[in-house]
Amino acid sequence: MQPSHFAPDAHKRALIAGSIGNFIEWYEFAVYGFLATVIAKNFFQLEGDAGLTSLLLTYASFAIAFFFRPLGAVVFGRIGDRIGRKPTLIIVLVLMTLATAAIGIVPVYASIGIAAPLMMTLLRILQGLFAGGEYGGAVSLMTEFAPRGKRGLYGAWQSFTVALGLLAGAGIVALLSALLTPEALHDWGWRIPFFLALPMGAVALWLRVSMEETPSFVQQQEKPVVAQAHTAATLKAIVMGIGRVMVWSAAGYTYLVIMPTYLQSALHTGFNQALLIAVISNIGFALTIIPSGILSDRIGRRTVMLIATGLLLILALPLLKILQADSSTLAVKAIVVLVAGGLVGMLAGPGPAMLSEMFPTRVRYTGLGLAYSLSNAIFSGCAGLIITGLIKETGNLDIPAYYVMATAVVSIVALMTLRKDDHLRSLEE
């Protein structure tokens, strides 16, 4: 129910304002991932080290950012649950945009030595901190404004902007690698995508300043203050949330971000072909998000997410084997990654609404933000490190599939505990 004093189009404005910050965050995430080999050479190629070591160091700075996301989720989540979704999301957006643009001006290792990788890592840490405050607020905003029976659809838009951000990041990098020589891309071209965060951030800021506070938060503020003796229940919900989205984090990162680097370093695919495959996997991801969000409003989050997780468990190894086969053409590889991306999209569609429904209004920003960011810190942020490290140690090229399968087993168990009627209940306590 929308309270009468809210503008009739407030929920649509909230949907756009909530989505755009997330778009910028994932655009940058994709840019850093797809430029990992260039950034490795510029910042982490320490004297006398092998190429794979510099790549491992690049992924380490990638992982560090993820570990600051949960801290950001707690810090900004507490602020957002106390002073409101709107002001907190404005603060987070400004800080995140500035940290991203600053990456574009860091001097390279050849200019300032060890200070270069340290500055890059510090900016990644700041980005992680601010990005941690984005997700919980954006999903709270969108699901709290959602009309009855449309929370899955509204939450799915949040994930859809992840896909758009990843695609925009991949598209910009692909465009630069097509327009510039490898030398120009390595020297200065890689900086351009980071500077583009500034105009994007300006548009997002304008949208967020003009949106309204959510009806749920306003109603919550009008209630008498009660002693918060529900910490144990919140912690239990956070742990259960991590279990439910673990496979989403692991498979999403493995198929949508790490795949280009894996194809280049392990399977010796060319840079442009690997980027093209990454774009196709992200298209598969984008195609299934909104439909699966809508479907979860009809048949429940539990059913949709269990089907997707079961398929990932069964198909992870066969799909990887097809990618590895010498006989596989580019078209065959494209179909494989399209399917893999589509399965991740089936989790990302209902996922935000499912997390939102696990927490009451007074702790929703903090709770769902923490569950999501902890899962991402452990199972996305470390994926590049774990997979690259294990391949280096064992020489086994099937590691990415085993990684996805292991997380799928845990998520199936956690998803089985979801109530079938969660999508029908009101978000209010």
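Position 1 is the first residue of the sequence, and the numbers go up from there. Note that the coordinates shown come from a computational prediction; the quantities given were computed from them, not determined experimentally.
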Could you go through Ser356 and Thr143, starting from their C-alpha distance and side-chain angles, then the distance that decides it, and tell me whether this counts as side-chain hydrogen bond (donor to acceptor under 3.5 Å, both in side chains)? CA-CA 7 Å; Ser356 188; Thr143 54; 2.7 Å; yes
Is there side-chain contact between Phe67 and Leu71, with at least one heavy-atom pair below 4.5 Å? no
Does Arg85 count as lying over the ring of Tyr365, i.e. NZ or CZ under 6.0 Å from the six-ring centre, within 45 degrees of the axis? no
Could you tell me if Arg301 sits above the aromatic ring of Trp248, with its cationic atom closer than 6.0 Å to the ring centre and no more than 45 degrees from the axis? no
Please round to the nearest 0.5 Å and tell me the distance separating atom CD1 of Ile103 and atom CD1 of Ile39. 7.0 Å
Scanning both residues in full, the closest heavy-atom pair of Ser281 with Tyr255 reads OG-O, 3.3 Å
Counting C-beta onward and ignoring hydrogens, is there a side-chain heavy-atom pair between Thr97 and Phe130 closer than 4.5 Å? no
Main-chain N/O of Phe359 paired to Arg364 side chain as donor or acceptor, under 3.5 Å: yes
Indicate yes or no: does Arg208 engage Glu134 in a salt bridge with an N to O separation below 4.0 Å. yes
side-chain contact (heavy atoms from CB on, under 4.5 Å) partners of Leu370, counting only residues at least two apart: Pro70, Ala73, Val74, Ile238, Ser373, Leu374
Would you say the side chain of Met119 lies within less than 4.5 Å of the side chain of Ile112, judging by non-hydrogen atoms? yes
Sorted by chain and residue number, the side-chain contact (heavy atoms from CB on, under 4.5 Å) partners of Ala334 (sequence neighbours excluded) come out as Ile280
The test is side-chain hydrogen bond (donor to acceptor under 3.5 Å, both in side chains); show your working for Thr309 and Ser411 and say whether it passes. CA-CA 7 Å; Thr309 308; Ser411 286; 5.6 Å; no
Start with the C-alpha gap between Ile91 and Leu95, add the side-chain angles, then the distance that decides, and say whether side chain to side chain contact (heavy atoms under 4.5 Å, CB included) holds. CA-CA 6 Å; Ile91 295 164; Leu95 294 173; 3.9 Å; yes
Whether the side chain of Ser210 engages the backbone of Trp206 through a donor-acceptor N/O pair (distance < 3.5 Å, no angle test) should be reported. yes
Keeping Asn42 on the side-chain end and His186 on the backbone end, is there a donor-acceptor pair under 3.5 Å? yes
Measuring centre to centre across the rings, with the benzene-like ring taken for any Trp, is Tyr135 within less than 6.0 Å of Tyr372? yes
Which distance, rounded to the nearest 0.5 Å, do you find between the CD1 of Ile125 and the CE of Met120? 12.5 Å
Between Ser380 and Ala377, is there a donor-acceptor pair closer than 3.5 Å when you use the side chain of the first and the backbone of the second? no
From CA spacing to verdict: side chain to side chain contact (heavy atoms under 4.5 Å, CB included), Gln158, Leu15: CA-CA 8 Å; Gln158 198 282 339; Leu15 195 62; over 6 Å; no
Once rounded to the nearest 0.5 Å, what's the spacing between atom OH of Tyr253 and atom CG of Asn376? 11.0 Å
Using a 3.5 Å distance criterion without hydrogens, assess whether the side chain of Asn282 forms a donor-acceptor pair with backbone atoms of Ala163. no
Which atoms form the tightest heavy-atom contact between Val336 and Leu319, and what is the distance? CG1-O, 3.4 Å
Under 3.5 Å side-chain donor-acceptor pair for Thr121 and Arg124: no
Evaluate the criterion side chain to side chain contact (heavy atoms under 4.5 Å, CB included) for residue pair Met354 and Met305; output intermediate values, then yes/no. CA-CA 10 Å; Met354 181 274 294; Met305 294 184 79; 3.9 Å; yes
Check Thr161 against Ser19 and note the closest heavy-atom contact, atom names and distance. CG2-CB, 3.2 Å
Full working for side chain to side chain contact (heavy atoms under 4.5 Å, CB included) between Arg244 and Val239: CA-CA 9 Å; Arg244 288 173 181 169; Val239 172; over 6 Å; no
Closest heavy-atom contact between Leu343 and Ala308? O-CB, 3.8 Å
Find out whether His423 and Ser296 are in side-chain contact, i.e. whether some heavy atom of one side chain is under 4.5 Å from a heavy atom of the other. no
Using the test side-chain contact (heavy atoms from CB on, under 4.5 Å), find all partners of Pro291 that sit at least two apart in sequence or belong to another chain. none
side-chain contact (heavy atoms from CB on, under 4.5 Å) partner of Met246, chosen from Ile378, Val409, Thr407: Thr407
If we only count heavy atoms from C-beta on, is the Arg362 to Asp81 side-chain gap below 4.5 Å? no
Validation row: Leu320, Pro400 side chains within 4.5 angstrom (heavy atoms): yes
So, taking the atom named CG in Leu126 and the one named OG1 in Thr100, what distance separates them when rounded to the nearest 0.5 Å? 10.0 Å
Assert yes or no for the condition that the ring centre distance of Phe160 to Trp157 is strictly below 6.0 Å. yes
Using side-chain heavy atoms (C-beta onward) and a distance below 4.5 Å, is Leu89 in contact with Leu141? yes
Is any side-chain N of the basic residue among Glu212 and Arg13 closer than 4.0 Å to the acidic one's carboxylate O? yes
Using every non-hydrogen atom in the two residues, find where Tyr403 and Ala250 come nearest and quote the distance to one decimal. CE2-CB, 3.7 Å
Got a donor-acceptor contact below 3.5 angstrom from the Ser292 side chain to the Gly345 backbone? yes
Taking the side chain as every heavy atom from C-beta outward, state whether Leu129 and Arg69 have any atom pair closer than 4.5 Å. no
Calculate, to the nearest 0.5 Å, the distance between atoms NZ and CG belonging to Lys150 and Leu153 respectively. 6.5 Å
Any donor-acceptor N/O pair, Ser177 side chain to Ala174 backbone, under 3.5 Å: yes
May I ask you to decide whether Asp9 forms a salt bridge with Lys12, counting only side-chain N to carboxylate O separations under 4.0 Å? no
Partner of Thr214 by side chain to side chain donor-acceptor pair (under 3.5 Å), out of Lys86, Glu144, Gln220: Glu144
List the steps, then state whether ring pair (Phe, Tyr, Trp, His ring centres under 6.0 Å) holds for Tyr32 with Trp190. CA-CA 9 Å; Tyr32 191 91; Trp190 66 270; 9.3 Å; no
Please report the interatomic distance CG(Leu418) to CD(Glu357), rounded to the nearest 0.5 Å. 8.5 Å
Mind listing the closest non-hydrogen atom pair of Ala251 and Leu312 along with its distance? CB-CD1, 4.0 Å
